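Notes for the one structure printed next.
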Amino acid sequence: MVNFKPLKQYMLFLTDKLIKKYNIKEPFLDAGGGTGDVSLFLLKKGFNGKLIDFSKEAIKQVKINLKDYKNVKIEHKSIIKEKNKYNLIILWDVVEHIKYDNKIIDHCHKLLNKNGYLIVSYITKNKEWRKDDIMYGHFRRYEIKDIKKQLSKFEILEIWDFTFPIFWLMRRLYVNFIKDFKENRIELTKHSSLRMDYFKFFNKRLSNKILWKPIWYLCYIFKNYNLGHQSLVLVKKI
C-alpha cells in the first residue's frame with residue numbers, strides 16, 4: 001500500500017520528525033530506493049547521498065525523477081555490494097523482500113559511521129498477511145520481538161506504527177480487489193515500487209495534503225500502540 005501517495009507522504013512526514021528530533025545529518029544511502037521518493041525528500045532538505053536499487057526498471061525511472069539534482073549518485077546494484085560510509089541509511093520496503101534479511105541489516109551496520117542512524121520500514125504481524133503481500137513479493141511479516149532481535153546490534157530509538165487506524169482499514173478493504181499473480185517472487189519484487197494499478201484513481205483524485213493532514217495527525221496519536229500493519233523503526237549505531 002506504500003504506492004498510495006498519501007501514505008508515502010505520511011511516512012515522509014514522520015521521517016522529517018525523526019530527522020529533526022535526533023538532528024540526523026547527511027550523507028544518506030537510500031538502499032533499495034525504488035523510484036526515489038525518499039531521496040527526493042532528502043535532497044530538497046539539502047542533503048547529499050546515494051540511491052541504489054537492484055531493479056533496472058526502478059533505476060531508469062529514478063534517473064528521470066531526480067534529473068534536476070546533482071548532489072545524488074544513482075547506481076544499479078545490490079545493497080550488499082555497497083562499501084561507502086554514511087550517517088543515515090534508509091531501508092523502506094526492502095527487508096521483507098529479501099530471503100536473507102539479516103545479512104542486509106548487518107551490512108547496513110557496517111556501512112554506518114559511529115552514531116549513524118538507520119530508518120527501516122517493517123511490515124508487521126503475521127496475522128496481517130494478505131494477498132498484497134504476495135503481490136509485492138514479500139517473504140514474511142515481522143512481530144515486534146523479531147524486529148528487536150534483528151536490530152539488537154543497534155540502539156532502538158523509535159518504533160512508530162504509521163498505518164492505524166485509517167490506512168490499516170483502507171488496506172483491509174482494497175486487498176479484496178487484488179487479482180492473483182503468476183510472476184515469481186523476484187519479478188514481483190522488481191516491479192513492486194512501480195506497481196500503481198490499484199492506486200491510480202486515488203492517487204490522482206485523493207492526494208491533496210490539505211485533505212490528508214488531519215488524518216495524519218489522527219494516525220500520529222496511535223503511532224506507539226502497534227495496532228496497524230506496518231512500522232517505521234529508527235535505530236542508532238553505538
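Just so you know, these numbers use all the heavy atoms, side chains as well, and skip hydrogens, waters and symmetry mates. Keep in mind that what you see is a predicted model, and the values were worked out from it rather than measured.
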Verify side-chain contact (heavy atoms from CB on, under 4.5 Å) between N226 and K125, making sure each step is shown before the conclusion.
CA-CA 9 Å; N226 188 34; K125 299 180 182 176; 3.8 Å; yes
Check against side-chain contact (heavy atoms from CB on, under 4.5 Å), I134 and I178
CA-CA 10 Å; I134 300 170; I178 294 176; over 6 Å; no
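Taking NZ from K153 and CD1 from I238, the interatomic distance works out to 12.0 Å, rounded to the nearest 0.5 Å. K17 contributes atom NZ, which lies 13.5 Å from atom CG of L232 (distance to the nearest 0.5 angstrom). To the nearest 0.5 Å, the span separating CD1 on I104 from NZ on K99 amounts to 14.0 Å. The CG atom of L111 sits 6.0 Å away from atom CD of E82, with the distance rounded to the nearest 0.5 Å. In this structure, NZ in K67 is found 11.5 Å from CD1 in I74, a value given to the nearest 0.5 Å. Distance CG/N65 to NZ/K60: 12.5 Å, rounded to 0.5 Å.
F222 is not connected to I147 by any chain of hydrophobic side-chain contacts under 4.5 Å among Ile, Leu, Val, Met, Phe, Trp and Tyr, and they are in different clusters. Tracing side-chain contacts under 4.5 Å through hydrophobic residues (I, L, V, M, F, W, Y), one reaches I52 starting from I98; they form part of the same cluster. L12 and L211 end up in the same hydrophobic cluster when Ile, Leu, Val, Met, Phe, Trp and Tyr side chains are linked at under 4.5 Å. In the hydrophobic cluster analysis, where Ile, Leu, Val, Met, Phe, Trp and Tyr join through side-chain heavy atoms closer than 4.5 angstrom, I80 is grouped apart from L51. Under the 4.5 Å side-chain heavy-atom criterion for ILVMFWY residues, a single connected hydrophobic cluster contains both Y69 and F41.
Here the options are F162, Y142, W92, the test is ring pair (Phe, Tyr, Trp, His ring centres under 6.0 Å), and the partner is Y122; only Y142 passes.
Taking a 6.0 Å sphere around NZ of K213, one finds it holds 12 or fewer heavy atoms contributed by other residues, nucleotides or ligands. When the shell of 6.0 Å around NZ of K73 is examined, it contains 12 or fewer heavy atoms from other residues, nucleotides or ligands. Under a cut-off of 6.0 angstrom, the local environment of NZ in K77 is crowded, with over 12 non-hydrogen atoms contributed by other residues, nucleotides or ligands.
Here K44 does not pair with D68 in a salt bridge; the nearest charged N to carboxylate O distance is not below 4.0 Å. Note on R140 versus D101: salt bridge recorded, some NZ/NE/NH1/NH2 to OD/OE distance being below 4.0 Å.
By the 30° and 60° cut-offs, the orientation of the rings of W216 relative to F13 is tilted. Aromatic ring orientation, F164 versus W168: tilted (interplanar angle from 30° to 60°).
For V62 against G34, the heavy-atom pair with the smallest separation is CB-O, 3.8 Å. In terms of heavy-atom proximity, I59 sits nearest to E75 at CD1-O, 3.4 Å. Closest of all the heavy-atom pairs between D30 and S39 is OD2-OG, 2.8 Å. Looking at every heavy atom in both residues, D161 comes nearest to G228 through OD2-N, 2.7 Å. Considering every non-hydrogen atom in both G32 and D53, the closest pair reads C-OD2, 3.2 Å. In this structure, I159 and N224 approach most closely via the heavy-atom pair O-OD1, 4.0 Å.
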Compile the donor-acceptor pairs under 3.5 Å between side chains in residues 20-28 and protein atoms, sequence neighbours left out, one pair per line.
from: K20; atom 1: NZ; to: D16; atom 2: OD2; distance (Å): 3.1
from: K21; atom 1: NZ; to: E158; atom 2: OE2; distance (Å): 2.7
from: Y22; atom 1: OH; to: E158; atom 2: OE2; distance (Å): 2.6
from: N23; atom 1: OD1; to: K25; atom 2: NZ; distance (Å): 3.1
from: E26; atom 1: OE1; to: N48; atom 2: N; distance (Å): 2.6
from: E26; atom 1: OE1; to: N48; atom 2: ND2; distance (Å): 2.5

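In this structure, the side chains of N84 and L29 stay at 4.5 Å or more apart for every pair of heavy atoms.
The ring of F154 has its center closer than 6.0 angstrom to the ring center of H109.
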